[in-house]
Amino acid sequence: MPTNNKPLIGVIGAMKSEIDALKAKLCDTSVTVISGVEFVRGTLDGVEVIAAVCGIGKVFAALCAQTLILTFHPDLVVNIGVAGSTSPDLNIGDIAVADSVVQHDMDTSPLGDPVGLISGINVINFPCAAPYVTLFENACDSLGLHRQTGVIASGDCFVHSSAKKTYLQENFNAIACEMEGGAIGHVCYVNDTPFCVIRAMSDNGDESSDRDYTDSLQRASDAALDVMFAFLRKI
């Protein structure tokens, strides 16, 4: 973590509901569009921020993260948004703070590899930046939001079954599931860029997750943004 100057923070969300309120609060903004992604740069609470909506899924997330890193060279990349809970300790509206991320749909196990292994770099869990993880935990606590820290699992699917939820718990010890964080962590890892993933629960990853997600999306998005704002104030 930089000690003399405040870091440049890149913030990525998959959907407009997860990021537009942050863009609206930035001052002295400039806009750069690359590969169809709008990167809005500005300041908030004295911290310089670059905010972007990447689109849903791991490919869009990776494209956005790589472009953000190569173009703007942030000191930290933060992925915020919503997720499905895979933990009995996280209910709708609660916060998952990742200490690492995995890609649960990466599977070369028929060749003898562990499930989730990223071939070539031989990594399963991509670790988040520990000092910033602590700041995000403190931000949640300052807002009175219930939170849990652990593994967030990403894959190109919307988890909608108790069996899949159990699979993610048993194979990855996952506390939440979503569709972008693992890819962003992968990109940050190979670029030696610190990152964090913060997710508010929109559903429970079970057979009712489609209804819960629709009903809770905005509430969960707002909770994740509240944590991001509190984090920036602590920086």
Side-chain angles (χ1 to χ4, degrees), residues 1-14 18-19 22 39 41 43-52 54 58 61-62 64-83 90 95-104 116 118 121-143 145 147-154 172-200 223-235:
M1 184 185 300
T3 56
N4 297 323
N5 299 307
K6 292 186 177 182
L8 171 61
I9 310 293
V11 185
I12 300 173
E18 296 171 328
I19 213 78
L22 173 58
F39 296 89
R41 185 170 189 163
T43 59
L44 180 62
D45 293 318
V47 181
E48 193 168 12
V49 174
I50 303 164
C54 66
K58 293 198 301 178
C64 182
Q66 183 74 2
T67 303
L68 173 66
I69 291 168
L70 295 182
T71 305
F72 301 101
H73 311 289
D75 297 298
L76 174 71
V77 174
V78 181
N79 175 220
I80 64 171
V82 303
L90 288 175
I95 305 296
V97 180
D99 57 16
S100 70
V101 293
V102 301
Q103 297 176 49
H104 66 75
I118 307 299
I121 56 176
N122 295 324
V123 173
I124 297 175
N125 290 73
F126 294 100
C128 299
Y132 291 112
V133 169
T134 299
L135 281 182
F136 272 112
E137 291 172 332
N138 292 340
C140 292
D141 295 344
S142 72
L143 296 170
L145 292 172
R147 50 93 176 169
Q148 183 180 6
T149 302
V151 179
I152 294 181
S154 306
F172 302 103
N173 199 28
I175 63 170
C177 56
E178 37 87 304
M179 299 176 67
E180 294 83 27
I184 291 170
H186 186 166
V187 170
C188 289
Y189 178 87
V190 299
N191 284 280
D192 197 25
T193 299
F195 76 96
C196 289
V197 177
I198 309 300
R199 295 287 179 146
L225 284 164
D226 286 343
V227 174
M228 189 72 225
F229 295 144
F231 170 83
L232 292 174
R233 289 193 294 271
K234 288 183 177 297
I235 291 252

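- Remark: Glu178 pairs with Arg199 by the salt bridge (Lys or Arg N to Asp or Glu O under 4.0 Å) rule, at least two apart or across chains.
- In this structure, CD1 in Ile118 is found 8.5 Å from CD1 in Ile124, a value given to the nearest 0.5 Å.
- Counting only residues at least two apart or on different chains, the salt bridge (Lys or Arg N to Asp or Glu O under 4.0 Å) pairs with a member in residues 129-140 are Glu137-Arg147.
- For the atom pair Ile9 CD1 and Ile50 CD1, the distance stands at 9.5 Å (nearest 0.5 Å).
- Between Asn79 atom CG and Cys54 atom SG the span is 7.0 Å, to the nearest 0.5 Å.
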Show the atom names and distances, to 0.1 Å, of all donor-acceptor pairs under 3.5 Å that link a side chain in residues 223-235 to residues at least two apart or in another chain.
none

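- Residues Val78 and Ile80 share a closest heavy-atom pair of CG1-CG2, 3.6 Å.
- Taking every heavy atom of both residues into account, Gly182 and Val101 meet most closely at CA-CG2, 3.8 Å.
- Among residues two or more places apart in sequence or in another chain, the side chain to side chain donor-acceptor pair (under 3.5 Å) test is passed with Gln103 by Lys58, His186.
- The two atoms that bring Gly81 and Glu18 nearest to each other are CA-OE2, 3.2 Å, heavy atoms only.
- For His104, the ring-ring contact (aromatic ring centres under 6.0 Å, His included) criterion is met by no residue, not counting sequence neighbours.
- Atom CD1 of Ile95 and atom CD of Gln148 lie 12.0 Å apart (nearest 0.5 Å).
- Applying the side chain to side chain contact (heavy atoms under 4.5 Å, CB included) test to Ala52 and every residue at least two apart in sequence or in another chain returns Val37, Phe39, Cys64.
- For Ala129 against Leu76, the heavy-atom pair with the smallest separation is CB-CD1, 4.5 Å.
- Shown here for Phe195 and Pro127, the closest heavy-atom pair between the two residues is CE2-O, 3.1 Å.
- Scored by the salt bridge (Lys or Arg N to Asp or Glu O under 4.0 Å) test, Arg41 finds Glu48 as partners (sequence neighbours excluded).
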*So Tyr132 and Ile198, side-chain contact (heavy atoms from CB on, under 4.5 Å) or not? Walk me through it.*
CA-CA 11 Å; Tyr132 291 112; Ile198 309 300; over 6 Å; no

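- Scanning for salt bridge (Lys or Arg N to Asp or Glu O under 4.0 Å) contacts around Asp45 gives an empty result, with sequence neighbours left out.
- Counting heavy atoms from C-beta outward, Leu22 and Ile19 have side chains that approach closer than 4.5 Å.
- Considering only heavy atoms from C-beta on, Val77 stays 4.5 Å or farther from Phe72 through its side chain.
- For Asp99, the side chain to side chain donor-acceptor pair (under 3.5 Å) criterion is met by no residue, not counting sequence neighbours.
- Of all the heavy atoms in Ser100 and Asn125, the pair that sits closest is OG-ND2, 3.0 Å.
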Residues 187-194, side-chain donor-acceptor partners within the protein, below 3.5 Å, at least two apart:
from	atom 1	to	atom 2	distance (Å)
Asn191	ND2	Gln66	OE1	2.8
Asn191	ND2	Val187	O	2.8
Thr193	OG1	Asn191	O	3.3

